[in-house]
Amino acid sequence: MQINDLKVQCNAIYFVAIDLLEKNGDKNEVCRKLLDAATFLVEIGKISPVDKEKSEKNARKLLDASKRLRAGEDYSSVYYFLTGKMLTPVKSQETPKVQETEIVKDLLKEKPKKEALPTPAEYSFNWDVKPAVSFDDVAGLKDVKDAVLNKVLLPLIHPELYEGYDKKNGGGLLLYGPPGTGKTMIAAAIANEIGAKFCSIGAADIITSGIGNSEKAIETLFKEARSFDCAVIFFDEIESLCPVTTHAQHARQIRSELLRQMQGLDSYGANSDKILFLIAATNKPWEIDPAFIRPGRFGTRIYVGLPDEDARLYMVKSRIERIKSAGKVIVGEINYDEIVKRTNGFNGADVTNLIDEVQEISIMRAATGGNKTLTMADFETALNKITSSAQVKDLQRLNEWREQNG
Ligand code: ADP
């Protein structure tokens, strides 16, 4: 692709991200667009030595914005961070104007920072020695836990059980399902269960740590993982790292390096005493390059769905019980049946938000001179504010994919 085409594409994608921020659009979509625009900037930097430093710096800025959003920063501060302007409420529905290559020009205009890019030898990833999440912390999802036990933990912990049978084991695990349903929790719980070091990786981490050298970053990640006796690498939103279609050379390099590193992983445990297990999560499995969802790669697929009534009850009740047992807040009569009914369609993260909101209401009352009390009325108020974030069309599409791909 010519450099000008790259700039135009980058510009267009960035505009869509900004437009989504202005219209309070879907967070995942904004992050994805920022990531795409960053990828283009990296490409531009590779082709054009003149733009290299600036475009890589700006790519990092976009990746940083995406990380801030994921970490829970609100749209207005991320918008300010990106544009230097305050976010004015919702614009009209007009489609974003893709004028000149303004953002590219604008981004490239910024004064280059003196700081050096990390050299491949300097990359290193954050490994969690023992994730503080266990299967007991994950509410419901009994079928998922059973599947993890049979398909993942048993072969990993007792490979000898499978000796002598004509059945292939190994390869990675793909957890797919709507956002906020506990996929990350399950991945961390698996690592906890097998006593593994755990590293959670998003596409932004790979691009940030290895700008212009992403394949080196992946190589380092696997090298670090192989240096441990037992390690789990968790690829969050794997579709951003291994998209089904990509024109960016950068993404193609990531793809081939990942495939290279995954080669022979299924027999890794059999050939050494070490364990390296890969888990990927996605809300959009149809966007993953099919090369990655084959046996030996992310061949074991498990659907992680919305929490059922029992799981929602467990989530609400266990947190309320914890507040009660701390003994500092007077908790009134809570109508759990009503809460379970009214949270139908909520994902796990929504239920967590609801309970956080209830506590916020209670704290605010205490802050303005009231007692530390938490009542069903607080749930009523919170339930009017917090709604399900699960999108019907996403659930339908996930179900279709599940029927076709298992
Ligand atoms: P995903 O990876 O599927 O997007 P996460 O595992 O990051 O979702 O969950 C986000 C948050 O929602 C968790 O930190 C937790 O507070 C809550 N949550 C989601 N599902 C569950 C569950 N099954 N049990 C307990 N908490 C949950």
Side-chain angles (χ1 to χ4, degrees), residues 26-32 66-67 69-72 128 131-149 172-193 198-205 232-241 278-285 287-288 298 301-323 339-340 343-360 382 386-391 394-395 397-398 401-402:
D26 179 57
K27 185 167 88 176
N28 285 332
E29 203 52 38
V30 182
C31 291
R32 209 182 314 281
S66 159
K67 272 192 161 180
L69 272 178
R70 293 228 177 280
D128 193 346
V133 179
S134 73
F135 279 106
D136 289 342
D137 297 316
V138 183
L141 301 176
K142 187 177 176 313
D143 51 340
V144 173
K145 290 178 189 171
D146 287 349
V148 166
L149 180 67
L173 166 69
L174 177 70
L175 297 169
Y176 70 100
T181 46
K183 297 184 286 299
T184 307
M185 286 183 90
I186 291 166
I190 292 174
N192 183 329
E193 197 72 25
F198 182 72
C199 185
S200 173
I201 288 290
D205 298 301
V232 167
I233 307 177
F234 174 61
F235 295 95
D236 201 7
E237 297 186 2
I238 185 83
E239 75 283 3
S240 302
L241 211 51
L278 305 187
I279 306 175
T282 183
N283 312 324
K284 299 182 175 179
E287 286 187 4
I288 306 174
F298 295 107
R301 299 183 282 263
I302 298 181
Y303 180 72
V304 184
L306 296 178
D308 62 12
E309 290 191 351
D310 287 344
R312 298 198 303 276
L313 177 65
Y314 177 85
M315 284 179 77
V316 178
K317 218 171 184 172
S318 55
R319 287 202 50 196
I320 295 297
E321 286 307 318
R322 238 178 289 156
I323 296 169
I339 297 169
V340 167
T343 51
N344 189 22
F346 276 38
N347 64 27
D350 297 331
V351 177
T352 299
N353 284 346
L354 175 76
I355 309 163
D356 287 346
E357 180 65 24
V358 166
Q359 294 182 79
E360 201 61 43
I386 310 283
T387 51
S388 161
S389 61
Q391 304 284 323
D394 290 347
L395 295 173
R397 186 131 194 223
L398 277 163
W401 195 88
R402 189 180 179 190

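Numbering of residues begins at 1 and proceeds along the displayed sequence. Ligands are counted one by one from 1 in listed order, and the atoms in each one are counted from 1 as well.
- For ligand 1, the 4.0 Å heavy-atom shell takes in Asp137, Val138, Ala139, Leu141, Pro179, Gly180, Thr181, Gly182, Lys183, Thr184, Met185, Met315, Gly348, Ala349, Thr352, ordered by chain and residue number.
- Salt-bridge annotation for Arg319 and Asp356: present, with a side-chain N of the basic residue lying under 4.0 Å from a carboxylate O of the acidic one.
- Under the side chain to side chain donor-acceptor pair (under 3.5 Å) criterion, Lys142 pairs with Asp146, sequence neighbours left out.
- Take Phe135 and apply the ring-ring contact (aromatic ring centres under 6.0 Å, His included) test, not counting sequence neighbours, and it matches no residue.
- Aromatic ring orientation, Phe198 versus Phe234: parallel (interplanar angle below 30°, classes split at 30° and 60°).
- Phe346 pairs by the ring-ring contact (aromatic ring centres under 6.0 Å, His included) definition with nothing, not counting sequence neighbours.
- Ion pairing of Glu29 with Lys284 is present here, as a side-chain N (NZ or NE/NH1/NH2) and a carboxylate O approach within less than 4.0 Å.
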